[in-house]
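Written below as structure tokens is the structure these notes are about.
Here is the naming used below: chain letters follow the sequence lines, and residue numbers restart at 1 for every chain.
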Protein chains: 2
Amino acid sequence: MYTETAMLGLDVPLRASERAYRQLRGEILNGLLAPGAALLEVEQAERIGVSRTPLREAVARLIADGLVVGRRGRGFEVTDISVDSISELYELRQALEVQAIRLAATRRDPAPFVELRGAFLTAPELLEQGDIGVHRYYALIDELEDAVDAAVENPFLVGALRAVRTHLARIRRLARRNPLRLRAAAAEHLLIIDAIIAGDPSLAAHATHIHLHQSLLSVLAAIDEDSASSRSATAAD
Amino acid sequence: MYTETAMLGLDVPLRASERAYRQLRGEILNGLLAPGAALLEVEQAERIGVSRTPLREAVARLIADGLVVGRRGRGFEVTDISVDSISELYELRQALEVQAIRLAATRRDPAPFVELRGAFLTAPELLEQGDIGVHRYYALIDELEDAVDAAVENPFLVGALRAVRTHLARIRRLARRNPLRLRAAAAEHLLIIDAIIAGDPSLAAHATHIHLHQSLLSVLAAIDEDSASSRSATAAD
DNA sequence: ATTGCGGTTTCTGTATACACAAGAGCGATC
DNA sequence: GATCGCTCTTGTGTATACAGAAACCGCAAT
């Protein structure tokens with residue numbers, strides 16, 4: 001909505017409030033600002049190098065995103081993530097993604113999905129290639145999400161999905177990835193893509209339902225393991 | 001999230017930004033600020049009686065709510081409501097309410113719903129009593145929504161629903177109410193309540209699906225009529 | 001008549017100053 | 001020794017001042 005200049009990394013002088021928002025958001029999502037961390041206006045403002053006014057605006061947006069909550073007397077803090085909240089988020093995610101996929105299967109232009117299908121077919125090989133492959137696999141998922149968003153053509157629904165994905169990004173950090181799960185997830189995605197291409201909303205919806213069910217199980221298991229033994233290889237999408 | 005003092009209309013000195021937010025939000029929802037209306041900071045600030053800083057915060061929250069959009073160069077304007085956007089909103093609403101009702105039917109404490117059932121049984125009589133009755137009927141719907149929210153126990157889902165209801169409030173203003181539709185809607189609500197009491201998520205979900213389908217049809221028909229003949233009695237929930 | 005250019009004005013974006021409220025620390029008193 | 005109260009610090013809430021940018025108006029030229 002603000003500057004539409006930000007295409008292609010063109011570093012046009014961004015507004016201070018926008019800079020502050022992006023930086024704080026990024027730091028929260030990648031865990032640099034841990035859940036429960038206090039955000040003092042003056043402190044953060046001078047750290048980022050803006051004055052309090054734009055910083056306040058940034059924090060207001062983060063509150064609207066649900067990444068930050070105001071606490072009673074003093075200041076704000078980063079929202080924390082409980083196991084309960086993960087299940088709750090997935091209940092919302094389930095509703096939104098199933099609806100989105102259903103609509104995408106109804107309205108889609110098949111072309112981008114056919115292309116994605118080809119890419120997802122190579123996923124198993126991709127996942128053999130270590131971190132770089134995994135990274136490219138995640139990029140594929142992003143492309144799939146974008147294609148679905150475009151096919152859905154519903155700003156309200158897409159907006160709600162974006163909000164959910166913001167929180168998902170934080171959750172993924174909690175659970176390290178599990179190669180086995182990623183392989184299975186790729187197969188699930190393929191089924192969803194096929195259903196979209198076939199224009200079968202019902203199949204697409206059910207496949208999505210199952211995919212998210214497995215995804216949640218995997219995340220919860222990963223967190224369980226992580227809190228039991230201090231570190232182990234686990235999973236997300 | 002801010003002051004939790006605002007119970008029971010206790011007019012504790014509210015923060016200026018909160019006052020501005022509530023006033024602007026109210027004026028947008030009840031149509032006093034029409035879609036497309038321009039919001040100039042200085043103008044609005046002095047009208048409401050706050051300075052630009054808290055007003056800016058209020059506008060930022062309205063943007064997050066989707067009630068206001070920033071326009072390229074100059075200022076902000078109230079979001080407009082197209083017929084397309086109504087259908088889109090209902091696609092989101094469908095997903096959220098069906099999920100919420102499903103969860104409510106699973107988790108509910110039956111007591112409040114049994115009570116609501118009694119109230120909804122009297123709806124047909126209530127709707128005979130003119131405006132005051134209709135008003136009380138709408139209050140019943142609010143109570144139902146609150147009961148569902150409480151039963152769902154999912155902040156993410158409830159938060160998304162609240163956002164949708166905000167937009168619905170504006171849409172209801174577009175279409176005047178139709179007594180016949182209200183009577184039918186009451187029956188649909190009763191079915192949903194029964195399903196929740198019975199603890200039958202699937203029945204509750206399908207009943208909700210149908211209810212929203214009818215509701216959308218009614219709203220769209222009402223708007224059609226309104227734009228054809230300049231005024232006529234029409235419908236919402 | 002239409003279009004391009006420039007001055008002017010108005011509005012936003014940001015910084016900063018001030019007031020008030022909440023908390024913490026310290027001291028005095030029981 | 002513990003508890004209550006006071007003060008002092010710190011941080012938010014709000015107002016305002018200043019700078020930069022974008023739109024509007026008028027004028028002129030084609």
Side-chain angles (χ1 to χ4, degrees), chain A residues 1-7 10-25 27-28 33-34 36-65 67-79, chain B residues 1-7 10-25 27-28 33-34 36-65 67-79:
Chain A
M1 50 141 288
Y2 285 124
T3 47
E4 49 239 289
T5 43
M7 288 321 214
L10 228 56
D11 43 331
V12 177
L14 224 43
R15 296 211 310 296
S17 63
E18 186 69 24
R19 260 190 305 144
Y21 172 71
R22 294 195 191 175
Q23 179 167 345
L24 288 175
R25 187 173 190 280
E27 289 178 357
I28 291 173
L33 283 170
L39 291 182
L40 290 318
E41 287 186 6
V42 276
E43 169 188 313
Q44 296 299 320
E46 84 177 29
R47 184 173 69 88
I48 297 179
V50 301
S51 84
R52 281 182 54 215
T53 309
L55 185 107
R56 254 166 154 298
E57 193 171 318
V59 170
R61 286 173 70 186
L62 292 170
I63 290 178
D65 291 345
L67 293 175
V68 165
V69 290
R71 50 183 176 190
R72 187 163 41 91
R74 206 84 139 195
F76 307 91
E77 69 179 45
V78 179
T79 312
Chain B
M1 48 138 291
Y2 285 122
T3 47
E4 49 239 288
T5 43
M7 286 322 213
L10 228 54
D11 41 333
V12 177
L14 222 44
R15 294 212 312 294
S17 62
E18 185 69 24
R19 259 190 304 144
Y21 173 70
R22 293 195 191 175
Q23 178 167 345
L24 287 175
R25 187 174 191 278
E27 290 178 356
I28 292 172
L33 283 170
L39 292 182
L40 290 317
E41 288 186 3
V42 278
E43 169 189 313
Q44 296 299 319
E46 85 176 28
R47 185 173 69 88
I48 297 179
V50 301
S51 83
R52 280 182 56 215
T53 309
L55 184 108
R56 253 167 155 307
E57 194 171 318
V59 170
R61 287 173 69 186
L62 292 171
I63 291 178
D65 291 345
L67 293 175
V68 165
V69 290
R71 51 183 175 189
R72 187 161 40 91
R74 204 83 139 201
F76 307 91
E77 69 179 45
V78 179
T79 312

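The nucleotide whose nearest atom lies closest to any side-chain atom of A:Arg15 is, among D:dT14, C:dT14, D:dT12, C:dT14.
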Below 3.5 Å is the cut-off: list the nitrogen or oxygen pairs between protein and nucleotides 15-17 of chain D, distance only.
{"residue": "D:dA15", "atom": "OP2", "partner": "B:Ser51", "partner atom": "N", "Å": "2.7"}
{"residue": "D:dA15", "atom": "OP2", "partner": "B:Ser51", "partner atom": "OG", "Å": "2.7"}
{"residue": "D:dA15", "atom": "O5'", "partner": "B:Ser51", "partner atom": "OG", "Å": "3.4"}
{"residue": "D:dA15", "atom": "N7", "partner": "B:Thr53", "partner atom": "OG1", "Å": "2.9"}
{"residue": "D:dT16", "atom": "O4", "partner": "B:Thr53", "partner atom": "OG1", "Å": "3.0"}

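The CD1-P distance, from A:Ile63 to D:dT12, rounds to 11 Å in whole Å. Separating the CZ atom of A:Phe76 from the C1' atom of D:dT12 is a distance of 8 Å, rounded to the nearest angstrom. To the nearest angstrom, C1' of D:dG13 lies 15 Å from CG of B:Leu55. Look at CG on A:Leu40: it is 14 Å from P on C:dG23, rounded to the nearest Å. Note: CZ (B:Arg56) to C1' (D:dT14) measures 14 Å, nearest angstrom. A straight line from CD of A:Glu57 to C1' of C:dT12 spans 11 Å, rounded to a whole angstrom. Atom CD of B:Glu41 and atom P of C:dT9 are 21 Å apart (whole Å). For the pair B:Glu46 CD and C:dT10 C1', the computed distance is 14 Å after rounding to whole Å.
In this structure the side chain of B:Tyr21 reaches within 4.5 angstrom of the side chain of B:Asp65, judged on heavy atoms. Looking at heavy atoms from C-beta onward, B:Arg61 lies out of side-chain contact with B:Arg56 at the 4.5 angstrom threshold. The shortest side-chain heavy-atom distance between B:Leu33 and B:Leu39 falls under the 4.5 Å cut-off.
Taking the charged nitrogens against the carboxylate oxygens, A:Arg22 and A:Glu18 do have a contact shorter than 4.0 Å, which makes a salt bridge. Classification of B:Glu43 and B:Arg52 as a salt-bridged pair fails, no side-chain N sitting under 4.0 Å from a carboxylate O.
Scored by the side chain to side chain contact (heavy atoms under 4.5 Å, CB included) test, A:Glu77 finds A:Val69, A:Arg71 as partners (sequence neighbours excluded).
For B:Ser17 and D:dG13, the shortest distance from a side-chain N or O to OP1 or OP2 is not below 4.0 Å.
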